[in-house]
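When reading the values below, keep in mind they use all heavy atoms of this one structure, side chains included, and skip hydrogens, waters and symmetry mates. As the structure is a computational prediction, the values presented were derived from the model and not from experiment. Throughout, protein chains are lettered first and strands after them, A, B, ... in sequence-line order, and every chain is numbered starting at 1.
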4 protein chains.
Amino acid sequence: MRQKKPKYIQIIDAAVIVIAENGYHQAQVSKIAKQAGVADGTIYLYFKNKEDILVSLFQEKMGVFIEKIEEEIKSKKNAADKLYSLIDKHFTLLSEDHHLAIVTQLELRQSNKDLRLRINEVLKGYLNVVDKIISDGKENGEFREELDVRLARQMIFGTIDETVTTWVMNDQKYRLTDQTKKVHDLFVNGLSTKN
Amino acid sequence: MRQKKPKYIQIIDAAVIVIAENGYHQAQVSKIAKQAGVADGTIYLYFKNKEDILVSLFQEKMGVFIEKIEEEIKSKKNAADKLYSLIDKHFTLLSEDHHLAIVTQLELRQSNKDLRLRINEVLKGYLNVVDKIISDGKENGEFREELDVRLARQMIFGTIDETVTTWVMNDQKYRLTDQTKKVHDLFVNGLSTKN
Amino acid sequence: MRQKKPKYIQIIDAAVIVIAENGYHQAQVSKIAKQAGVADGTIYLYFKNKEDILVSLFQEKMGVFIEKIEEEIKSKKNAADKLYSLIDKHFTLLSEDHHLAIVTQLELRQSNKDLRLRINEVLKGYLNVVDKIISDGKENGEFREELDVRLARQMIFGTIDETVTTWVMNDQKYRLTDQTKKVHDLFVNGLSTKN
Amino acid sequence: MRQKKPKYIQIIDAAVIVIAENGYHQAQVSKIAKQAGVADGTIYLYFKNKEDILVSLFQEKMGVFIEKIEEEIKSKKNAADKLYSLIDKHFTLLSEDHHLAIVTQLELRQSNKDLRLRINEVLKGYLNVVDKIISDGKENGEFREELDVRLARQMIFGTIDETVTTWVMNDQKYRLTDQTKKVHDLFVNGLSTKN
DNA sequence: GATGAATGAGGGTTCATTCAT
DNA sequence: CATGAATGAACCCTCATTCAT
């Protein structure tokens with residue numbers, strides 16, 4: 001029973017497991033408390049309410065996510081290489097944590113509009129990283145000048161997200177990281193042969 | 001009070017309005033009935049249960065959606081033109097029905113896994129249209145041979161979906177259709193200048 | 001489709017079948033109407049409300065029941081013989097109509113107090129027949145003078161009823177009429193050897 | 001507000017009162033909770049669902065019932081005396097708790113087949129006591145050898161039950177215990193003078 | 001800090017009955 | 001006489017949150 005982790009983290013990790021295994025709507029506070037090995041009431045010493053658990057979960061996990069991606073792309077010089085690293089790391093990190101993949105791709109989306117807006121706030125950090133890559137690419141001539149950064153970011157994020165979601169919905173049966181190269185190629189070169 | 005529309009359609013239209021204005025979790029059957037101008041019990045003469053209203057709503061609206069898109073692209077010869085029409089029609093149709101846009105992009109996603117799976121079934125019709133365009137493009141040499149159709153489809157759908165969702169979340173403040181050309185350009189030509 | 005029977009009887013017979021096959025709480029008016037081959041609304045041309053169907057059902061069937069029993073015992077001279085005939089006819093009639101047995105022994109008892117009071121009114125005709133047998137028996141010296149007629153009647157009816165109910169609950173697996181003699185013997189001679 | 005009784009008992013007692021005073025179909029969970037002085041939700045900390053309240057009620061009360069009867073007849077040597085005690089105690093216990101009498105004789109019988117089957121399970125304990133008395137009586141020569149135990153039990157239980165029900169339906173206007181002797185006499189000696 | 005028993009608001013669905021045709 | 005579409009009241013149960021210990 002040695003739980004070195006502070007209760008705050010203990011509870012968030014418990015929430016990920018409970019939500020992944022039971023689904024968003026079956027993830028009662030009491031279940032999370034049980035999984036975390038604390039009393040129901042204890043939850044409320046660390047979180048304002050249930051929504052706060054979920055936002056914190058997202059912040060905590062997404063924070064690590066962004067840190068690792070930034071770490072990874074720091075060493076790359078080209079925007080295209082950075083983009084490759086981002087896709088690769090994104091796929092890799094979610095492949096390594098199946099529970100987290102289910103929670104972020106499927107379950108947390110069932111939350112109401114308010115919660116999703118707050119989750120979007122957290123997501124902005126990630127989207128800023130993408131924006132930076134695109135801007136850098138435009139500046140150094142790798143990417144086309146006329147690109148609309150927001151649209152390009154929506155393509156990149158939308159595609160990655162859709163790809164991961166499809167993979168999760170297929171019960172993670174194939175290797176997500178096998179798709180990195182092809183996704184990157186699509187981003188950089190598009191569909192057309194005419195280029 | 002002249003209601004020419006059959007009750008089935010009346011109720012679905014009412015559901016769209018109620019869900020758009022109140023949110024998925026605040027869309028009680030009694031509210032939908034009131035909006036439709038019928039008694040609560042009447043709902044159950046036309047729908048098996050509440051979930052059935054939502055699935056039917058999606059089928060009905062998405063059915064029209066697909067029909068109109070197919071109609072639109074039928075006249076186009078090039079895959080690239082067809083893709084343009086698809087994006088354009090997708091954006092146009094949702095721009096013309098703000099309520100429906102809110103419902104499909106935000107609210108219906110809060111439904112539970114069962115409902116989402118049934119909604120995905122309906123979506124397949126749309127995704128098949130996209131797949132067809134990509135395959136056709138590969139065959140006639142417009143698109144690259146080595147394209148992975150599923151991935152390309154995920155890019156197209158993921159991007160369009162993300163674009164619309166962002167637009168809805170920004171309260172539909174700008175004109176979605178203004179983005180058609182740029183989205184299409186991204187799909188066809190990618191990010192890179194190197195082409 | 002030749003339905004010679006008047007609708008009134010048609011509906012009562014339908015009610016017996018529907019209740020026996022679906023249970024009291026699953027015997028909706030619409031089901032009875034369907035079984036009777038009439039529209040829901042038609043029921044209300046012949047019966048005041050649902051309760052009226054059930055009371056009428058009981059009156060109609062119990063009326064025949066009493067008539068047949070009275071017919072049967074008319075020819076008997078002894079009270080003991082009359083009692084035997086009554087038991088025998090009671091068992092026989094219910095054995096011959098399994099649906100009716102289920103309805104009267106199990107299903108109709110689930111009705112509310114009001115309905116049961118009205119059913120008891122109908123039952124009085126039957127109980128009067130029993131009372132008459134007992135009184136006659138006392139008068140002609142067959143039965144003991146000191147008998148409390150009401151109690152004796154409660155014994156006879158309670159025992160017969162319990163016996164039939166047990167038989168119905170055991171899915172009518174054995175022959176009810178095989179018990180006539182032993183039940184009669186119990187009534188007449190009691191448990192004791194001392195007599 | 002000193003409520004020494006555990007909540008479980010508190011709720012069952014409340015259920016007896018509410019059902020007796022309002023009838024089975026008007027005994028809403030919220031009414032029972034109010035009568036018990038607890039919140040609606042508290043009910044579900046002690047009972048799985050509404051049916052569970054009713055089955056538990058029957059088990060709890062019938063358990064006491066059987067215990068007291070067994071206690072009472074233990075000291076009697078004769079089967080006839082035991083039978084007398086059983087009738088007497090049965091009548092006495094229900095006379096002392098008018099609410100319980102209404103609930104067991106009238107209201108609980110309106111429950112659906114499932115619940116009634118579960119109630120019958122509980123009843124078996126009582127019926128076994130009766131069977132034992134009859135068997136003992138046969139063995140020691142008090143009762144006739146040729147008696148069918150099941151039939152004799154059906155007579156005893158059916159008669160007692162019918163007697164109590166009639167008494168309850170007559171609003172418990174007369175003293176039930178006044179009938180003990182006569183009922184016992186009927187059981188032992190039967191109707192006939194010929195003995 | 002930690003507990004967990006208690007709270008109580010909220011909604012999908014059924015079905016007897018009506019009444020315009 | 002007959003129809004059957006429409007009505008609308010009524011209730012069990014869950015679970016996030018609190019607070020006395």
Handout entry: Y44(C) side-chain proximity, nearest of dT17(E), dT13(E), dA6(E)
Key = dT17(E)
Fill in the blank from the handout: Side-chain contact check for Q26(B): nearest option of dT17(E), dT7(E), dG11(E) is dG11(E)
Exercise for the section: Mind checking K34(C) for me? I need base, sugar-phosphate or nothing, with any heavy atom below 4.0 Å counting as a touch. Expected result: nothing
Exercise for the section: Would you indicate what K7(A) reaches in the nucleic acid, counting non-hydrogen atoms under 4.0 angstrom: base, sugar-phosphate, or nothing? Expected result: sugar-phosphate
Practice task
Report which part of the nucleic acid V29(B) touches: base, sugar-phosphate, or nothing (heavy-atom distance under 4.0 Å, all strands).
Solution key: base
Completion exercise
Side-chain contact check for L45(B): nearest option of dA5(F), dT18(E), dG12(E) is dA5(F)
Completion exercise
Picking from dT17(E), dC15(E), dT3(F), the nucleotide nearest the side-chain atoms of Q28(C) would be dC15(E)
Exercise for the section: Looking at every strand, decide which applies to F47(B) at a 4.0 Å heavy-atom threshold: base, sugar-phosphate, or nothing. Expected result: nothing
Problem - Test item: K31(C) side-chain N/O and Q26(C) main-chain N/O as donor-acceptor pair under 3.5 Å - result: yes
Exercise for the section: Look at the side chain of D40(D) and decide which nucleotide, out of dA16(F), dT3(E), dA9(E), has an atom nearest to it. Expected result: dA9(E)
Handout entry: Watson-Crick or G-U counterpart of dA16(F), or none if no pair lies under 3.5 Å
Key = dT7(E)
Problem - Length of the line joining Y46(B):OH and dG4(F):P, which is rounded to integer Å - result: 14 Å
Handout entry: Nearest listed nucleotide, side chain of A39(D), among dC11(F), dT7(E), dA16(F)
Key = dT7(E)
